[in-house]
Amino acid sequence: MSRVRQPPLVTGISPNEGTSWTKVTIRGENLGTGPADLVGLSICGHNCLLTAEWMSASKIVCRVGPAKDDKGEIIVSTKSGGHGTSTVSFKLLKAEKIGILDQSAVWVDEMNYYDMRTDRYKGISPLSLRPSNPLGIDFDKGKVPLKDLEALFPGVSGEFTSENFSATWYLIENHSVTSFDQLRMAASNLKKQATKKNEGSLAYVKGGLSTFFEAQDALAAIHQRLESDGTERVEGSMTQRLENVLNRASDTADTLFQEVLGRKDKADSTRNALNVLQRFKFLFNLPLNIERNIQKGDYDVVINDYEKAKSLFSNTEVSVFKKVYAEVETRIGALKILLLDKLLETPSTLHDQKRYIRYLSDLHASGDPAWQCISAQHKWILGLMQNCKEEFINYQRVGLGAIALDLEGDPRPSAFSRIRDTAPLNKGGILHTPRHSTWHYETPQQVQFVEKLSDVVIGQLPNFWKLWISYVNGSLFSETGEKSGQVEKSKKNARQRQNDFKKMIEEVTHRLVKLVRGALLPSTLTELELRLYGGWENKTELTGPWLTQVIHIVRIIFEALVALEIPNDLLQVIQDLLLELRHHCLLVTLHHTAEDVKRVAEKEDWVVDNEGITSLPAQFEQCMVQMLQSLKEPMETKPGEVNILQLDQDQASELCVDIIKVREQVEKLWKDINKVFINCLEQLSTKTDRDIDTSRMSVDQASPNLFSGIQEDFCPTLEQRLLIILSNCQYLEKHTFLNLAEHFERHGFTGTEKITRVTVHAVKELDESLFDAYIERKSDPIVGSLEPGIYAGHFDWRDCGTPTGVRNYLKEALVNIITVHAEVFTVSKDLVPRVLSRIIEGVAEEMSRLMQCVSSFSKNGAIQARLEIDSLRDAVASYLSSESHASFKQALEVLPQLHNGADKKLLEELLNKFKSSMQLQLTCFQPSNVQPVKR
């Protein structure tokens, strides 16, 4: 069974009111399956089927007839759905009748407009002559390119309004994939339209034919009667008299209505002129509309109107149309100049640039606006970079710094403000504390300049590159430009100018690099380049932390350009700049570290801790660690960069800097730092009391809690300074240098083992030198007092009394050794064995020499000598070395042996008596776990 269709339903009409013959659009549901299905259409009770044009099942276009009702429904009837209903109504407005003598505005009736191009009457505006859908079926366009159609059908067109219209072109362009049934329906629609036109003309003739015959019969009857009467042959006949009466009536009417008829002629002329103006008002108003829309910036409207006028009147032969169209062309020419000026105006956004290029391409402007814009932007970016340098140098010369160089009201954060929180300065804690409001102005001008330069490059070069990419892929043009072949032309031009654009990018990157070199690395430029890109009067060299900031900014620039997918060969010059900046930062940081190490000696407060060391090793280690931390970012190897500390000879030969020379400089600076520190240790150990500046023995303000136990009245002696420095040397050798080696390895610094070995060897040499100096000052007096003490009171080994105990010279020597022990133990207990062993070696050697110098011993003398040697040996037994053992052994071998038991017993008793009497004093020579007390 066939599906029952719903009756038509009208849900909308536009416009919803108007006079007779107003064109309306009816919308609704189930309005028919085609033009043949529509059998009825009435508006306000008047049948409008003859003017109806079926568009779709939801749309019908027609004209309202002269209905009697002022307001009524819209009823649609179809074969498939029957009689329909309406939810809306139409209001018919009555036209005011105007008499012949009434003055009123002229109403122009466009119902009977005659189109010479189609040779038919049209009841529509002259700007809408093109039939919307002459076949009455839906468009089903394929993908046949326009240029292929032009090649297949030369000299013809698919436009209905064209004199060279080609039906084949039209069908291929609009119905290339339409089914055969649809095309058959379209042919049927065309036949119906032709039949309607012929039937309408024939009906018009048939309707007036009877009136014509009646008039002809009346005239024939009058002529026959006059001839039968014979009056026509007599002068003064009725016809003659009637003619005379009519002529007089005509003259009288002319006299009476001359003024009225004149006014009527003028009105007819005016009506005709206004009719032309109304029909072609688009063209006549176009120059003024172009001017107004240009002032409002509605360039799209101007271009669309111009395209319409161009398609309708570009080939016109009417003189008035030619004159108006020439004025339009003049205005469009002025618009092209205006758009080109706006395109080349700087600064401008990428969106505006693309928009103006599209406008100029749609207007078919001469030349290549896109390339002109690219060239203008290139010159502007170079000018911005150069002006940036000139502004800083000019303000530097007048002493104002860079305070006024920030763009007022610029809401964009600068490159430095974006990076300063991510790359804090490490040296000296400059940026670790809250910054003052004037911090930016305290930044070195070279750093501010690089920051401003990065804003220019990062802010402008990406848009410049994107504009070129759009130029290459043809996305700058509208659909009109694509149809006209401008996209292919643009791609061809881009291929031809690819090398020119590459030179532009190279010039921008080289300008950037040379400006940075002029500010930070002037020695790398030639004299001519210095005059162009240098000129900085501030000769103060930037410190490592500021150079780190510069490296960070340049890396941000490089990463931003890499993100744009700019070829690496165009960015290699920036990589070379980064490499040189990293080398320069390394050398400068090492140099400044050497200066800081020199000042470490000024901070020595001589306060020892429980390990017997002062703050000196910690301060040296802190300086080195801070140096490594400050070098962490510059020495870090980013993608595309090289590790300057781990390059072989082949890799180094390919770089822009002499790596071998740089490494030699680095190695020399490393050695200088260590040498400076060793010199500081030596100078501190050899200062006299007058040389010590006690005013500098204060707490370091950067670390207020580091040495809280300092005594302002403490001033070490020369011997104490020697011991303190010796203790520091031991700590440096056992701890500090090992810690630094770990720090070096952790921060990626390799190849420092040789420098560390050399430094440790130098510290050992200094240690030996200072140790010998201390031993000389302490051992010589003790050793020198032995011989006078032995022979005090004219003592003679050959003639002496029975021994009663150890003599005073030996006790005095032991007390002096105990004094040395106390002095060393107060500083560092680790130094006690080393110092006492060396002193005891000297004492034992001296005792051996003195015993060997005695020619002979009496029995009592031998007992006395053995008692003193054994007492000394047993007292310092904990600190005897192999050399001192040998010396004591030699001394005892010289003495006569005791064979008598009584002599041995006496020796033992006297030895025990000595140990008992000096037990308290000799306690310090016994092994002990007592820690040295901090002073």
Side-chain angles (χ1 to χ4, degrees), residues 14-15 23 25 61 108 110 113 115-118 122-133 139 146 157-163 165 173-174 273-343 345 351-367 369-370 476-487 489:
S14 176
K23 188 176 182 180
T25 301
V61 178
V108 179
E110 296 183 358
Y113 171 74
D115 184 9
M116 293 182 294
R117 288 176 287 184
T118 59
K122 293 287 291 183
I124 57 176
S125 171
L127 299 180
S128 305
L129 296 175
R130 181 181 301 176
S132 58
N133 189 1
F139 289 109
L146 182 62
S157 172
E159 297 290 337
F160 267 99
T161 58
S162 175
E163 296 179 357
F165 171 71
E173 182 180 7
N174 298 291
L274 290 176
N275 194 12
V276 173
L277 290 176
Q278 178 67 18
R279 291 167 185 165
F280 302 100
K281 62 180 180 180
F282 167 74
L283 178 62
F284 292 112
N285 292 334
L286 188 55
L288 182 59
N289 290 336
I290 289 176
E291 193 68 28
R292 290 175 179 174
N293 289 325
I294 288 176
Q295 293 178 357
K296 292 188 296 183
D298 294 338
Y299 303 118
D300 289 308
V301 176
V302 175
I303 294 173
N304 291 336
D305 291 346
Y306 172 66
E307 289 296 330
K308 287 182 181 179
K310 186 176 180 181
S311 64
L312 293 173
F313 303 104
S314 60
N315 298 323
T316 183
E317 298 298 331
V318 182
S319 59
V320 65
F321 291 168
K322 284 185 176 181
K323 183 176 180 181
V324 177
Y325 185 74
E327 178 65 21
V328 171
E329 288 288 356
T330 302
R331 301 292 177 90
I332 293 299
L335 175 61
K336 293 178 183 178
I337 297 175
L338 174 64
L339 291 176
L340 184 60
D341 292 341
K342 287 183 174 292
L343 176 63
E345 181 180 326
H351 173 73
D352 288 341
Q353 292 168 3
K354 290 183 176 181
R355 191 160 56 96
Y356 293 138
I357 291 173
R358 188 179 72 251
Y359 292 154
L360 289 169
S361 67
D362 289 344
L363 293 174
H364 304 283
S366 60
L476 294 174
F477 306 99
S478 61
E479 295 181 359
T480 304
E482 294 180 0
K483 294 180 179 179
S484 62
Q486 292 184 358
V487 174
K489 181 180 178 182

Distance, nearest 0.5 Å, that separates CD1 of Ile290 from CD1 of Ile303: 10.5 Å

Nearest non-hydrogen partners of Ile357 and Ala370, listed with the distance: CD1-CA, 3.7 Å

Minimum heavy-atom distance Leu283-Phe321, with the two atoms named: CD2-CD2, 3.8 Å

Main-chain N/O of Arg358 paired to Ser361 side chain as donor or acceptor, under 3.5 Å: yes

Leu339 side, atom CG; Leu343 side, atom CG - distance, nearest 0.5 Å: 8.5 Å

Audit row: Asp305, Phe282, side chain to side chain contact (heavy atoms under 4.5 Å, CB included) steps and yes/no: CA-CA 9 Å; Asp305 291 346; Phe282 167 74; 4.0 Å; yes

Distance in Å, Lys336 NZ paired with Glu329 CD, rounded so as to fall on 0.5 Å steps: 7.0 Å

Carboxylate-amine/guanidinium contact Glu327 Lys323, below 4.0 Å: no

Parallel, tilted or perpendicular: ring planes of Tyr325 versus Tyr306, cut at 30 and 60 degrees: parallel

More than 12 heavy atoms of other groups within 6.0 Å of Asn315 CG: no

Candidate pair Val302 and Ile332, rule side chain to side chain contact (heavy atoms under 4.5 Å, CB included), full reasoning: CA-CA 9 Å; Val302 175; Ile332 293 299; 4.0 Å; yes

CG-CG distance between Asp362 and Asp300, expressed to the nearest 0.5 angstrom: 8.0 Å

Gap between atom OH of Tyr299 and atom CD1 of Ile294 - 0.5 Å precision: 7.0 Å

Value rounded to 0.5 Å, distance of CG in Asn285 from CZ in Arg292: 8.0 Å

Donor-acceptor contact present, side-chain Lys342 to main-chain Tyr356, <3.5 Å: no

